[in-house]
Amino acid sequence: MPAGLTPPVAAARSRLSDRQKDLIQTFAALGSLVALVAAFSLTSPAFLSLGNGMSIGLQVTSIALLGIGATVVIVAGGIDLSVGSVLALAGVVAALCVKELGLAVPLAMLAGIGVGGVCGLVNGLVVTRLKLPPFIATLGMMLIARGLALQITGARAVSGLGESFGELGNGALLRLVRVGDDGFPEVLFPGIPYPVLLMAGLALAVAFLLRRSVIGRHVYAVGSNAEAARLSGVAVDRVVTLTYVLSGLLAGLTGCVLMSRLVTAQPNEGVMYELDAIASAVIGGTSLAGGVGTISGTVIGAFVIGILRNGLNMNGVSAFTQQIVIGLVILLTVWIDQLRNRR
Amino acid sequence: MLDGGDDAAVPNGHAIDAGRTPAGAAPLLALSGIAKEFPGVRALAGVDFNLRRGEVHAVCGENGAGKSTLMKIIGGVHAPSAGRLLYKGVERRFASPLEAEAAGIAMIHQELNLVAHLSVAENIFLGREPRRGFLVDRHALRAGAQACLDRLGAAIDPDAPVRGLSMAQRQLVEIAKALSLEAELLIMDEPTSSLTEQEAQSLFRVIRDLKAAGVGIVYISHRLDEMREIVDRVTVLRDGRHVATDALAATTIDQIVARMVGRALDEKFPERTSVPTGDVILEAAGLTRAGAFRDVSFALRRGEILGFAGLMGAGRTEVARAVFGADPLESGTLAIEGRRLSIRDPRDAIAAGIAYLSEDRKAQGLAVTMPVDANLTLANLGAVASRLGLIDAARHAAAAQDYVDRLGIRTPSLRQPVRLLSGGNQQKIIIGKWLFRDAKVMLFDKPTRGIDVGAKLAIYTIMDRLAARGIGVVLISSELPEILGMTDRVAVFHRGRLVRILDTARTDQEEIMHYASGFGGREG
C-alpha cells in the first residue's frame, strides 16, 4: 500500500507531481481538443471558418447542457439515463402550451423547464425514498417521459408555433446586419447565439456552485462516501434529490432550446442524448464511481464529441464510422484516466 | 462460544502433513538486499530477512516502515526492484499472488479481501471450489469450510453471507481461507487487529499447531504485548531499512519500540491530566433495540473518559451508533446537559454536540477521494461559509491548517487526498473534523485499530486533552490495556447489556474479563 509508506521527503515530491498530474490531465483533454481542431483544419479548409465555429457551438450546446447535469449527478454517485426523453417531454409541453393554451413563449418555456424539474424530482425521490438503484429509476423515467411525450402529441410533431418560439434557439447577441445596396441583408457579424451564451453562463454558474458552495462540497462528499457524509451530518437524501432536479431542469432547458431551433416540437427528439451527456462527462475526467469530476472537464468533453462529429462530417466520414470513432475515443480517454489513477 | 482448546489441538479437516521435512539447515525463505521503489518513494532499501520452518518471525515497524511492501514482495503482489528471494533454497521471482500461492505461500490481508455477497464457505474456497464435474460440490465446500472454521474455534455459519458479518468475523474468515490453502509459509498482516481477546487466543493456538507442523509464519502486528505468546524472532524495519533481527527471548518490548521509532518511548499511555467534574454531560437511560442491546443506562461526566469494554458482538458499537442517531433506537432516553434529546438522524446528534468516530475509518469516516481540508471541515462547513452558502476559501484554508497544526497531522499539503495518508493521520483528521465542530461528547469506536505505536500515543494524548477541555469521551476498545491505561471508568457489556460500571483505578483485566464473559452479571 503505497499510501502507508509515503515518507515526508517523497511525499513532498509527490505533492508536486499530484498537482502536475492534475494539470497534465486538464491539458491532455484540452490538448487533444486542439489536436483535433488542427487536424480537421488541415483536412478540410471550411472547418476553421466563423460559420462552422458557430454551428459547432450550437451543436455542442445540447451535449454540454445535458453533460453539466450528468456531471453533477455522477459526482454525487448516481446516473441519469432519462435526460434524452425528459428533454423531448419538456419541449413538447412548451410547444403545446403555446399552441393549445395560448401561453406567451417565455412562460411556456418555463413550464417546459418546470416539467423537466418535476421529472428530476421524481427520479430523486425514487432513488432516495424507494431506494431503487439510480440506473433503474432513471431507466423507468426514460420510458415514462418518452411515452408521455408521444402520448400528448399523438406522436406527431407540433409545428406552426410562430416566429417568437424560434427566438431562443436561433437568435444571437450582437448580430450585425447591414442591408446591402442590392437590398439583400449582409451579415457582418453573426453574433453569439443565445444557446451558446446559455451554455457558457450555466457552465460557469454550476462550476462555481460545485467548487465554492457548501452544497457543492456536499455533492462531492456524498459521491465520495455517502455513509461518511451521513455520519458527518450531510443531508444525503436531499443532496442526491437536488442533483436529479438540476439534471431534469437542464434537460428541460435543452429541450426548449432544441425545439426552438427547429421551431417545431418533435416528441422523438433527443433519443440517446443521455449517452452523449454521460460520455462528455467521462471524457472530461468524471469518475462513474462518484466523488470526482469537474464542469470544465465536461465542457471540454462535449467539445471533443461535437468537433469529432462535425470534422468527420466535413471529411465525408459516414455516420456509422463516426459512432465507431467516438466509441473508441471514450474507451481511450477512460483507459488513460485509469492508467493515471493506477500508478 | 470460543472454548474447546482440545479441539483445536487436533488438526481436523485437512490434516497437516506430519511427514513434511522438519526444520532443516536451509531456511524456508531467505531474502537478501531487497529494494523496492515506487514512483517518487523508496519503500525498501536493501532489506535482508529469513524465515525458518516452524518459526514465527515478527516484522515490526511504524506505518510506512516498509512492512507491508516486504510482505507483498514475498506474496508475489509486488516484484522487488533489486535483491534476491530464495524459497526452499531456490531463487524465485513470483509474478503474481497466484504463483506464490501455488508455491505454498498464503497471505492474510490487513484490508479484508472478501466478496460480500458470497457465503463464508464460497469465500474460503473462492477460485478453488471443490467440483463434481462442471458443478460445485456444495457438500464438500461446506464441509471443508466448516473444518477450517472449527480449527479456529470460530462460531460462524459457513452458509452465512459475508456481508452480514462483523469486522472480526470477516477477519476470522480470512484466516480460515489462508488455513484452507495448507500453505507452508503464511503471512499474517495484523490478524488480531479486530479480534477479541478470546478469538486472538484461539488464533494463537492454531498458530502453535502450524508451527509444530513446520509451517513458517511471518507475523505483523502493532500489538507488541501479544508477541510473547507466539513469536520466536523479531525483525525491526524503519524507513524501509533493516534495523535489527533478534530472538524474542533476547530482547524486550521497550527495545523493540525504541528501534521502531528510533528513540526511546517512555510510556505507552500519556499521563492523564484531565479530572472528571461532577456534572453529567450525557445521560442515557434504558436504551433498547431488540436484538442489539437492552436497557443500557449510563451517565458520562464532563472531562471523563468512559470505557466500553466487552467481547465482540456485546453491543458496544451498536449503542454508540444509536446514541449518535446512525441507527434507530427503539426506546430509552438521552439527555445532553440535562436537556432531553430526540435523535432520529446523525444531524440531530451533531447539532446537540455529539460526535461519533467509527471503527471502519475508510468506509464510514472519510471521504477518501477528497483532500485533507475538505474532510476536516465537512461536518461544519457552515462555519466557513457565508449565509448564502458560499465557502470562504481563505477562512476554510485557515481553519483546516489550524487543525493540521494542532493535531500534528503529517500531510504534504491541505489538498492531499486523504486516501494517501497513513492510518494514524487519517484518524487525526476525523478527530479534527469533530473538534472543528465543537463537539461536547465524542464517541471513539476502537480509535487505535491498525495504527502504529507512535500514532497511538498521539491519539491517546489528544483524547486526554479533549477530556481536559471538558469534553466527555467514550472509548470503545477491545484492548484491555488501553481501557485500563486511558479511562476513568469502564462500562462492561455482555450480550447487549451493560453489566457493570467499574472504577478503572480499582479494577484489573481479570475483573473486566470476568464481567465481559458473562459471569457475575445480573444474569448470564
- Task: For residues Ser213(A) and Ile391(B), report the shortest heavy-atom separation together with the two atoms involved.
- Result: O-CD1, 3.5 Å
- Query: Of the non-hydrogen atoms in Ile350(B) and Leu231(A), which two are nearest, and what is the gap between them?
  - Reply: CD1-O, 3.9 Å
- Query: Pick from Ile430(B), Leu381(B), Asn380(B), Val77(B): which one has the most heavy-atom pairs with chain A under 4.5 Å?
  - Reply: Leu381(B)
- Query: Among Ala393(B), Ala326(B), Gly365(B), who wins on heavy-atom pairs under 4.5 Å with chain A?
  - Reply: Ala326(B)
Working to the nearest 0.5 angstrom, can you tell me the gap between [X] [atom1] and [Y] [atom2]?
X: Ile215(A); Y: Leu390(B); atom1: CD1; atom2: CG; answer: 12.0 Å
X: Arg347(B); Y: Arg230(A); atom1: CZ; atom2: CZ; answer: 10.5 Å
X: Ser232(A); Y: Gln364(B); atom1: OG; atom2: CD; answer: 11.0 Å

- Who are the ring pair (Phe, Tyr, Trp, His ring centres under 6.0 Å) partners of Tyr356(B), not counting sequence neighbours? Phe324(B)
- So, the part of Arg321(B) with a heavy atom under 4.5 Å from chain A: the answer is side chain
- Given that the side chain runs from C-beta out, which part of Thr411(B) has a heavy atom under 4.5 Å from chain A: side chain, backbone, both or neither? neither
- Message: Atom CZ of residue position Arg238(A) - does it have more than 12 heavy atoms of other residues, nucleotides or ligands inside 6.0 Å?
- Response: no
- side chain to side chain contact (heavy atoms under 4.5 Å, CB included) assessment of Val234(A) paired with Leu378(B): CA-CA 8 Å; Val234(A) 174; Leu378(B) 185 58; 4.2 Å; yes
- Does the side chain of Asn225(A) reach to within under 4.5 Å of the side chain of Met370(B), using non-hydrogen atoms? no
- So which pairs with a foot in residues 280-291 of chain A pass salt bridge (charged side-chain N to carboxylate O under 4.0 Å, His left out), sequence neighbours left out? none
- Item | Options Gly290(A), Ala228(A), Gly216(A), Ala289(A), ranked by heavy-atom pairs under 4.5 Å with chain B, top entry | Ala228(A)
- Closest-packed option against chain B by number of heavy-atom pairs under 4.5 Å, given Gly223(A), Ala226(A), Ala235(A): Ala235(A)
- Neighbourhood of chain B inside residues 200-212 of chain A, taking heavy atoms under 4.5 Å as contact: Phe208(A), Arg212(A)
- Looking at residues at least two apart in the chain, or sitting in another chain, which of them share a side-chain contact (heavy atoms from CB on, under 4.5 Å) with Val245(A)? Leu121(A), Thr241(A), Leu249(A)
